[in-house]
Engineer: 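Could you have a look at this structure, given as structure tokens, before my questions?
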Amino acid sequence: MPAPRLRTTPLPGIGVQYELTTRRHDTLSVVAHRDGTRTLNVHHDDDPDSCGLSMRLTGAEALTLTEALLPGHNNPNLLHTSDFGLLAERVTVTGDSYWNGRRLGETRMRTATGASIVAVMRRAHPIPSPGPEFRLRGGDTIIVVGTREGVDAAHAILDRK
């Protein structure tokens, strides 16, 4: 089973939505409003329009809950969001990845997802704009830029075992 991933979606004029889908296909979402409040929602993927729980928390309540769940909350994969609906995320190639040792061009990333690989971090050394002949290695951290859908599709491709 792949590691859980926190999806981040900018909500212009509102804030940011964070979503986590559990192994039981329940989705937990938190909307971080610009005024500092948070809305916590829970629903099952069978019907994403139904909501089993929705509660509005003050900033202090949200901070207390965050500390109880995971001290030092952050999303280490999210690098940047913009008003254009684009974002950049880190995706790590594991040692047992299908892509370990294969050329970047074999992923057909841009064609399949519309997302772009703008850099690879290899042992803390940045490799900007890697070409299609660049060989991926386990431990590489790939920087992907695109729409939320494109970046999610890039994760799906790069998470292949």
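Because the structure is predicted, anything quoted here is derived from the model rather than measured.
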Engineer: In this structure, would Tyr18 and Val42 fall into the same cluster of hydrophobic residues linked by side-chain contacts under 4.5 Å?
Structural biologist: yes
Engineer: For Ser29, give me all partners under side-chain contact (heavy atoms from CB on, under 4.5 Å), at least two apart in sequence or on another chain.
Structural biologist: Gln17, Glu19, Asn41
Engineer: If you define the side chain from C-beta out and look only at heavy atoms, does anything of Val31 sit under 4.5 Å from Ile14?
Structural biologist: yes
Engineer: Among residues at least two apart in sequence or on other chains, which ones pass side chain to side chain donor-acceptor pair (under 3.5 Å) with Thr94?
Structural biologist: Asp96, Lys161
Engineer: How long is the gap from CH2 on Trp99 to CD1 on Ile142, to the nearest 0.5 Å?
Structural biologist: 10.0 Å
Engineer: With side chains defined as the heavy atoms from C-beta onward, is the minimum distance between Pro132 and Leu104 less than 4.5 Å?
Structural biologist: no
Engineer: Before giving the answer on side chain to side chain contact (heavy atoms under 4.5 Å, CB included), spell out for Thr39 and Val30 the whole-Å C-alpha distance, their side-chain angles and the decisive distance to 0.1 Å.
Structural biologist: CA-CA 5 Å; Thr39 302; Val30 174; over 6 Å; no
Engineer: What verdict does the side chain to side chain contact (heavy atoms under 4.5 Å, CB included) test give for Asn100 and Arg137, after you've listed the backbone C-alpha separation in whole Å, the side-chain angles of each residue and the deciding distance to 0.1 Å?
Structural biologist: CA-CA 5 Å; Asn100 187 9; Arg137 290 189 197 155; 4.2 Å; yes
Engineer: Measuring from Arg160:CZ to Leu158:CG, what's the distance to the nearest 0.5 Å?
Structural biologist: 11.0 Å
Engineer: Take Leu87 and Thr9 through the side chain to side chain contact (heavy atoms under 4.5 Å, CB included) test and state the conclusion after the steps.
Structural biologist: CA-CA 9 Å; Leu87 55 102; Thr9 305; over 6 Å; no
Engineer: List the atom pairs, with distances to 0.1 Å, where a side-chain N or O of residues 115-126 and a protein N or O form a donor-acceptor pair under 3.5 Å, not counting sequence neighbours.
Structural biologist:
residue : atom : partner : partner atom : Å
Ser116  : OG   : Arg110  : NH1          : 2.5
Arg122  : NE   : Asp140  : OD1          : 2.8
Arg122  : NH2  : Arg135  : O            : 2.7
Arg122  : NH2  : Asp140  : OD2          : 2.7

Engineer: Out of curiosity, Ile157 CD1 to His155 NE2, how far, rounded to the nearest 0.5 Å?
Structural biologist: 11.5 Å
Engineer: Kindly write out the residues that satisfy salt bridge (Lys or Arg N to Asp or Glu O under 4.0 Å) with Arg108, not counting sequence neighbours, or none if the list is empty.
Structural biologist: none
Engineer: Considering residues at least two apart in sequence or located in another chain, which fulfil the side-chain contact (heavy atoms from CB on, under 4.5 Å) criterion with Ala153?
Structural biologist: Thr113
Engineer: Would you say the side chain of Glu89 lies within less than 4.5 Å of the side chain of Val151, judging by non-hydrogen atoms?
Structural biologist: yes
Engineer: Going from CG on Asp152 to OG1 on Thr147, what distance comes out if it is rounded to the nearest 0.5 angstrom?
Structural biologist: 8.5 Å
Engineer: Which residues pass the side chain to side chain donor-acceptor pair (under 3.5 Å) test with Ser97, not counting sequence neighbours?
Structural biologist: none
Engineer: Honestly curious: do Leu40 and Leu11 fall in one hydrophobic cluster under the side-chain, below-4.5 Å linking rule?
Structural biologist: no
Engineer: Check the pair Arg148, Thr8 against side chain to side chain contact (heavy atoms under 4.5 Å, CB included), reporting the backbone distance first and the verdict last.
Structural biologist: CA-CA 8 Å; Arg148 171 81 271 157; Thr8 306; 4.1 Å; yes
